[in-house]
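To start, the structure under review is shown below, and the notes come after it.
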Amino acid sequence: MALYLHNTASGERERVYAADGEALRFYCCGPTVYGPAHIGNFRTFLVQDLFRRVVEVGGLPVHHVRNLTDVDDKTIREAAAAGEDLPTFTARWRDRFHEDAAALNLLPPREEPSAVEHIPEQIGLIERLLASGHAYATADGSVYYRIASFPRYGQLSGIDREALRENASGRLEDADEYDKESVSDFVLWKAWKPEDGEVGWESPWGRGRPGWHTECSAMSVHYLGASFDVHGGGVDLCFPHHENEIAQSEGVSGERPFVRHWFHCEHLQVEGRKMSKSLGNFLTLADLRAEGFHPMEIRWALLSGHYRKTLNFTRENARAARKALQRLADLEHSLGRGVGTAGEAPLSPSWPEVVARGTEAFAGGGDQRAAWAALEDDLNAPEALGHFLREVGRAEREGRGWEPGEAAAWFSFAGSFLGVFGIDLRAWREDRAQARPAEAPAEVAALAAERWEAKGRRDFASADALRDRIREAGWQVLDRPDGYDLEPIGD
RNA sequence: GGCGCGGUAGCCAAGUGGUAAGGCCGGGGACUGCAAAUCCUCUAUCGGCGGUUCGAUUCCGCCCCGCGCCUCCA
């Protein structure tokens, strides 16, 4: 495999490989569990999922770690507002995140550590930072990172410390932070305050809780080592979160680099505008499901742009995705019976099978090879989709004339492609079949029977009139040579 | 102001120094008694102005516009 990925740290496309030669060590900043994740969050997680799938199909196992932030200002505030204790509150949203992630067919990470479960590791990290002079405690029992002690600070995001100081000058009056040495210093341990209520842990500096940035350094190093291969997140995390992680992790270990490859995903817009609560376009998966969209349609739409460009999510795109899925389902129905090892569902091979097939599945014609090549070239999903859809069109036009062997090869390619994209066609098909009424109301069925009879008499005027009445009832008649089907209108 | 990402057909979205993938929508046609599906077919000179070049959408410069980050937002 020769997968190349843009590295924020160098600004260049670089080869992805496992330093230990065995598994790619991959850390992702996960969600803060204080409410439902929105589709912008999921865009990032989906891109990371696509990346992981490409690496694994390329033959390299991935040691994937994604954390859960279950203690911070927002979780504490919202838990209090909900009248729940913090663990109960965050567990609920954690479960919700898992449900959404499963619906979107995200592969679960190998480990999913949470901040609350790793307080000792975080305290240990802070102690080492204090010992090495990178941190200092203040009178109130908080601990801050001393940015002046880390000359490389700002290198990842290209921000220089002088500018930081100037820009931050307007916030000097922030009462909470009056005892920091420098306004740019960030908090590692926050001393307990009355509004924290029951939330707090004992530490060498008194009762308190870890600052947000602390957890990712402590947990990534704990699970993946002081230096690992790839670290992902949304572009907004580049500064200050990832910058701070570098300062913390390299500060204690002295090992460089903390992360070899920084992988940042651009943001998402909705219907041409940025997502914001005031615009009311802060979409969650549940919102879109309520509008009738299937998670697989959302997944397709969210992966249809390049990860380093802002993507405009539109309902129209989601409908285009639905159409593509329908084309695939039709194709599987017409050409795919008994083809390949997946039997009746050759376009829905299991993930282990997709991994086992590896890149061999893409060794066919030009577009098949090109689809894989596009993915290896900085994860160019839209180009890969273009090649894939050209293959779909070819199958639609030529498939009926194929020999069994040709059909099997094509379905192996297409099944693997959908596997890499994490599109579970079977789930989509079954959920939709379940969602629609299997049978028309007796009244509609009677009209349809009457129409079929009129049609048999070649009384087309009556037949058409009945078709209209059936349509008014919300159903449509689809004729076959030997009969007809009734389907609900609406999608 | 600093750093970063963009401006390609009605919409979404790739891409290349030699006259621009793919999808959706829409138009026309074939097929069908009608309808659905399917098939065929049509729709762009790439934000603006200069420059380099035999030739630029692709390289350089300037300008205009949109978006993100600049201390806890994927």
Side-chain angles (χ1 to χ4, degrees), chain A residues 8 11 28-32 37-48 69 72-74 147 154 157-160 162-164 166-168 171 174 177 180 183-187 190 211-214 232-241 243-244 264-269 271-276 300-301 304-306 308-324 326-327 330 334 367 370 374 380-393 396-397 400 451 455 458-461 463-464 467-468 470-471 476-481 484-485 487:
Chain A
T8 309
C28 299
C29 293
T32 301
H38 56 70
I39 60 171
N41 295 311
F42 279 118
R43 179 196 189 186
T44 297
F45 299 138
L46 283 165
V47 163
Q48 292 162 347
T69 298
D72 77 328
D73 291 348
K74 294 190 294 284
I147 283 179
S157 49
I159 284 176
D160 77 297
E162 293 306 312
L164 265 184
E166 289 166 26
N167 286 325
R171 301 172 190 128
D174 189 351
E177 304 179 347
K180 290 200 289 188
V183 285
S184 316
D185 289 351
F186 59 90
V187 69
K190 289 182 132 175
W212 176 44
H213 310 295
T214 316
V235 272
D236 56 311
L237 295 187
C238 192
F239 184 90
H241 187 56
E243 204 69 73
N244 293 352
H264 290 111
C265 182
E266 261 296 342
H267 276 357
L268 182 75
Q269 294 198 328
E271 305 289 354
R273 313 187 66 174
K274 71 172 202 176
M275 268 198 295
S276 75
W300 185 297
S304 65
H306 187 93
R308 288 203 290 124
K309 283 177 78 166
T310 303
L311 174 69
N312 185 10
F313 177 87
T314 62
R315 270 95 173 169
E316 181 113 15
N317 270 162
R319 279 189 287 271
R322 173 178 302 167
K323 182 117 179 190
Q326 186 61 56
R327 284 171 69 188
D330 290 345
S334 62
D367 278 308
N380 195 334
E383 186 182 340
L385 276 173
H387 289 296
F388 174 67
L389 288 169
R390 268 163 57 129
E391 277 293 320
V392 171
E396 286 168 341
R397 285 188 303 279
R400 285 172 197 284
R451 174 183 167 276
K455 188 185 160 186
R458 301 192 64 80
D459 178 2
F460 297 125
D464 290 348
R467 174 185 285 288
D468 289 341
I470 292 166
R471 182 177 291 123
Q476 63 179 333
V477 187
L478 303 178
D479 284 344
R480 286 182 278 108
Y484 58 90
D485 294 315
E487 281 190 4

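All heavy atoms count here, side chains included; hydrogens, waters and symmetry mates do not. Proteins get letters first, then strands, A, B, ... in listed order; numbering begins at 1 in each.
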Among the nucleotides B:C72, B:A13, B:C70, whichever has the atom closest to the side chain of A:Leu311 is B:A13

If we take the P atom in both B:C59 and B:C40, what is their distance in whole Å?
35 Å

Checking B:G23, B:C34, B:C72 against the side chain of A:Val187 (C-beta onward), the nearest is B:C72

Applying a 4.0 Å non-hydrogen cut-off, can you work out what A:Glu396 is touching in the nucleic acid: base, sugar-phosphate, or nothing?
sugar-phosphate

dist A:Thr310:OG1 -> A:His267:NE2 (nearest 0.5 Å) comes out at 8.5 Å

Phosphate contact (B:C67 OP1 or OP2) by A:Lys309 side-chain N/O below 4.0 Å: no

Between NZ of A:Lys190 and C1' of B:C72 the distance, given in whole Å, is 7 Å

Winner on side-chain proximity to A:Lys74, out of B:C12, B:A14, B:C73, is B:C73

Would you say that A:His38 contacts A:Asn41 through its side chain, given a criterion of any heavy-atom pair below 4.5 Å between the two side chains? yes

Next on the checklist: Whether A:Arg315 contacts B:C11 is assessed here as follows: a side-chain N or O lying under 4.0 Å from the phosphate OP1 or OP2. Is that the case?
Outcome noted: no

To the nearest angstrom, the CZ-C1' distance between A:Arg400 and B:C31 comes to 14 Å

A:Glu271 CD to B:C67 P, in whole Å, measures 17 Å

Out of B:C67, B:A14, B:C34, minimum distance to the side chain of A:Lys455 belongs to B:C34

**C1'-based separation of B:G4 from B:A56 [nearest Å]** = 26 Å

_Euclidean distance for C1', B:U58 against B:U8 (whole angstrom)_ = 11 Å

Practice prompt. Establish whether the base of B:G33 is bridged to the side chain of A:Asp464 by a donor-acceptor pair shorter than 3.5 Å.
Written response: yes

Between CG of A:Asn317 and P of B:C12 the distance, given in whole Å, is 8 Å

Around atom CZ of A:Arg480, are there more than 12 heavy atoms of other residues, nucleotides or ligands at under 6.0 Å?
-> yes

The nucleotide from B:G33, B:C34, B:A14 with an atom nearest the side chain of A:Ala463 is B:G33

If the threshold is 4.0 Å, N to carboxylate O, is there a salt bridge linking A:Asp468 and A:Arg471?
yes

Pairs under 3.5 Å (Watson-Crick or G-U), crossing ones as [ ], inter-strand ones as |: RNA chain B comes out as (((((((..(((.....[...))).(((((.......)))))....(((((..]....))))))))))))....

- [ ] Remember a base hit wins even if backbone is also touched, and classify A:Glu243 as base, sugar-phosphate or nothing at under 4.0 Å, heavy atoms.
- [x] nothing

Margin query: With rounding to the closest Å, how many angstrom separate the C1' atoms on B:A9 and B:U43?
Written below: 7 Å

What interatomic distance, in whole Å, is found between C1' of B:C42 and the corresponding atom of B:C25? 14 Å

Base, sugar-phosphate alone, or nothing: which one does A:Arg308 contact when heavy atoms must sit under 4.0 Å apart?
sugar-phosphate

Winner on side-chain proximity to A:Lys274, out of B:G68, B:G23, B:C25, is B:G68

Query raised in the report: Base, sugar-phosphate, or nothing for A:Val477, non-hydrogen atoms under 4.0 angstrom?
Result: base

Of the listed B:C34, B:A13, B:C72, the closest approach to the A:Arg451 side chain comes from B:C34

Checking all strands, does A:Leu478 fall into the base, sugar-phosphate, or nothing category for heavy-atom contacts under 4.0 angstrom?
base

Taking only the side-chain nitrogens and oxygens of A:Arg327, find out if one of them lies under 4.0 Å from OP1 or OP2 of B:C24. yes

Side-chain atoms of A:Phe239 come closest, of B:C69, B:A74, B:G33, to B:C69

In whole angstroms, the gap separating P of B:C34 from CG of A:Asp459 amounts to 16 Å

Non-hydrogen side-chain atoms of A:Pro240 and A:His213 separated by less than 4.5 Å: yes

| query | Say you pick atom C1' in B:G18 and the same atom in B:G66; how far apart are they, in whole Å? | reply | 32 Å

Quick test of your reading of the model: are A:Asp185 and A:Lys180 salt-bridged, counting only N-O distances below 4.0 Å?
no

| request: Using the P atoms only, state how far B:U45 lies from B:A21, rounded to an integer number of Å. | output: 14 Å

Quiz item: Under the 3.5 Å rule, do the base of B:C25 and the side chain of A:Lys323 count as making a donor-acceptor pair?
Solution: no

ask   = Would a 4.5 Å heavy-atom cut-off, applied to side chains only, mark A:Gln476 and A:Ile470 as touching?
value = no

Distance-only donor-acceptor test (3.5 Å): side chain A:Arg397, base B:C39 = no

(Q) Heavy atoms only, 4.0 Å cut-off, all strands: where does A:His38 land among base, sugar-phosphate and nothing? (A) base

Taking B:G15, B:C5, B:G68 as options, the one with an atom nearest any side-chain atom of A:Glu266 is B:C5

> Do the non-hydrogen side-chain atoms of A:Arg327 and A:Val392 ever get within less than 4.5 Å of each other?
Replying inline: yes

Rounded to whole Å, CG of A:Leu385 lies from P of B:G23 at a distance of 11 Å

A:Arg322 atom CZ is separated from B:C25 atom P, nearest whole Å, by 12 Å

Does the side chain of A:Asp479 come within less than 4.5 Å of A:Arg451's, by heavy atoms?
yes

Please assess A:Phe460 against A:Lys455 for the test side chain to side chain contact (heavy atoms under 4.5 Å, CB included), listing each intermediate value before the final yes or no. CA-CA 6 Å; A:Phe460 297 125; A:Lys455 188 185 160 186; 4.1 Å; yes

note: A:Asp367, atom CG; B:A14, atom P; distance rounded to Å ~ 18 Å

Quick note, A:Arg390 side chain, CB onward, closest among B:G68, B:G33, B:A21 is B:A21

Under-3.5 Å donor-acceptor pair between A:Asn312 side chain and B:C11 base: no

query = Just to confirm, is there a sub-4.0 Å distance from OP1 or OP2 of B:A14 to any side-chain nitrogen or oxygen of A:Asn380?
reply = no

